[in-house]
Amino acid sequence: MDSAELFRWVLDNLNYWVVTVFMAIESSFIPFPSEVVVPPAAWKAMADDSMNIFLVIVFATIGADIGALVNYYLARWLGRPIIYRFADSRIGHMCLIDRESVEKAEEFFRKHGAASTFFGRLIPAVRQLISIPAGLAKMRMDHFLIYTTLGAGVWNCVLALIGYMIYRFTDLKTTDDVYKLATKYSHEIGYVLLALAVIIVGVLAYKGLKKKK
């Protein structure tokens, strides 16, 4: 089954289990776009009574936590040398992971500490990998889960809102059309969130420097 067929299957079989499983996959090291899952599921929840939009967000966030925990524990148990060896391997590249992306996630984690597991969930290309440096650093599990849940929850709310807005303000009739439009909007929103995250981190860093002085 190629990616197009897999996307089609997901879009044709959306329910809470599918949302949870594929958001877990999306949040792990396996590449899978969240736009295929949450916006169409939220749109479907508005279009019929098979799902509830708030439960879509809940199950999507549970799935994201599961996937993040997979990355966290793999990094924690395997350690940096094996993680980087995987990033340099052909399989790692097939998973869209390379040394540069892991280094970028580690640098982001070093700069922003535990809060990076929150902000990182909002940033394209960092979202799926931020759990790896958290595991390598052996971040406290309760802190990791709190920040990950909050960050994933915010992102899933954004995706669900996109699905809701598409339902309210367009005449699209299929989940496939919703996915394609949601992908366009989510990328634009992702960059806005990235800018906001940079501003917030900058303000917090500035306040921290003022306190030290």
Side-chain angles (χ1 to χ4, degrees), residues 1 3-72 96 117-131 144-194 196-197:
M1 180 183 290
S3 59
E5 291 176 337
L6 180 60
F7 290 1
R8 168 58 59 192
W9 185 91
V10 171
L11 292 167
D12 288 344
N13 294 275
L14 283 169
N15 56 43
Y16 297 129
W17 283 107
V18 170
V19 169
T20 303
V21 169
F22 281 91
M23 285 304 291
I25 291 172
E26 185 271 345
S27 192
S28 71
F29 58 87
I30 302 172
F32 192 88
S34 53
E35 292 85 356
V36 177
V37 184
V38 181
W43 176 88
K44 190 171 187 293
M46 301 303 301
D48 58 48
D49 59 356
S50 61
M51 288 191 290
N52 177 283
I53 192 168
F54 297 106
L55 288 179
V56 168
I57 295 170
V58 169
F59 282 101
T61 303
I62 290 172
D65 281 348
I66 293 170
L69 284 170
V70 170
N71 280 2
Y72 174 90
L96 304 183
T117 53
F118 170 78
F119 292 116
R121 302 297 306 187
L122 309 177
I123 300 174
V126 174
R127 184 180 306 121
Q128 292 87 349
L129 299 179
I130 195 61
S131 304
F144 174 76
L145 273 178
I146 289 170
Y147 283 120
T148 298
T149 301
L150 290 174
V154 169
W155 180 242
N156 288 327
C157 284
V158 169
L159 292 177
L161 180 61
I162 291 173
Y164 171 80
M165 298 296 282
I166 290 174
Y167 171 79
R168 286 295 305 272
F169 298 107
T170 75
D171 58 355
L172 299 184
K173 301 299 183 183
T174 70
T175 51
D176 184 59
D177 291 334
V178 173
Y179 147 62
K180 291 175 182 176
L181 187 57
T183 299
K184 174 186 173 182
Y185 287 136
S186 69
H187 288 171
E188 294 171 352
I189 291 172
Y191 290 120
V192 172
L193 290 174
L194 174 58
L196 288 174

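Predicted model, so just to flag it, every value in this text is computed and none were measured. For the numbers below, each heavy atom of this structure counts, side chains included, while hydrogens, waters and symmetry mates do not.
Leu145 has its side chain within reach of Leu69: a pair of non-hydrogen atoms, C-beta onward, lies under 4.5 Å apart.
Without hydrogens or angle criteria, Thr175 side chain to Pro40 main chain gives no donor-acceptor distance under 3.5 Å. A donor-acceptor pair under 3.5 Å links the side-chain atoms of Tyr16 to the main chain of Asn52, judged by distance alone.
The shortest non-hydrogen separation linking Ala41 to Met51 is O-CE, 3.7 Å. Shown here for Leu172 and Trp43, the closest heavy-atom pair between the two residues is O-CZ2, 3.4 Å. Between Glu26 and Pro33, the shortest heavy-atom distance links the atoms CG-C, 4.1 Å. Residues Ala68 and Arg121 approach most closely at CB-NH1, 3.9 Å, considering heavy atoms. The minimum heavy-atom distance between Ile57 and Gly153, with the atom names listed, is CG2-O, 4.4 Å.
The six-membered or imidazole ring of Phe32 lies near that of Phe7, with a centre-to-centre distance under 6.0 Å.
Screening Tyr147, Phe29, Phe144 for a ring-ring contact (aromatic ring centres under 6.0 Å, His included) involving Tyr72 leaves a single residue, Phe144.
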ask   = Given the rule in the side-chain hydrogen bond (donor to acceptor under 3.5 Å, both in side chains) test, do Asp176 and Thr174 qualify, once you have shown the distances and angles that lead to the verdict?
value = CA-CA 5 Å; Asp176 184 59; Thr174 70; 5.2 Å; no

task = Given salt bridge (charged side-chain N to carboxylate O under 4.0 Å, His left out), test Asp12 with Arg8 step by step and report yes or no.
result = CA-CA 6 Å; Asp12 288 344; Arg8 168 58 59 192; 3.5 Å; yes

inquiry  = Test side-chain hydrogen bond (donor to acceptor under 3.5 Å, both in side chains) on Asp65 and Thr148; report intermediate values, then the result.
reply    = CA-CA 7 Å; Asp65 281 348; Thr148 298; 5.3 Å; no

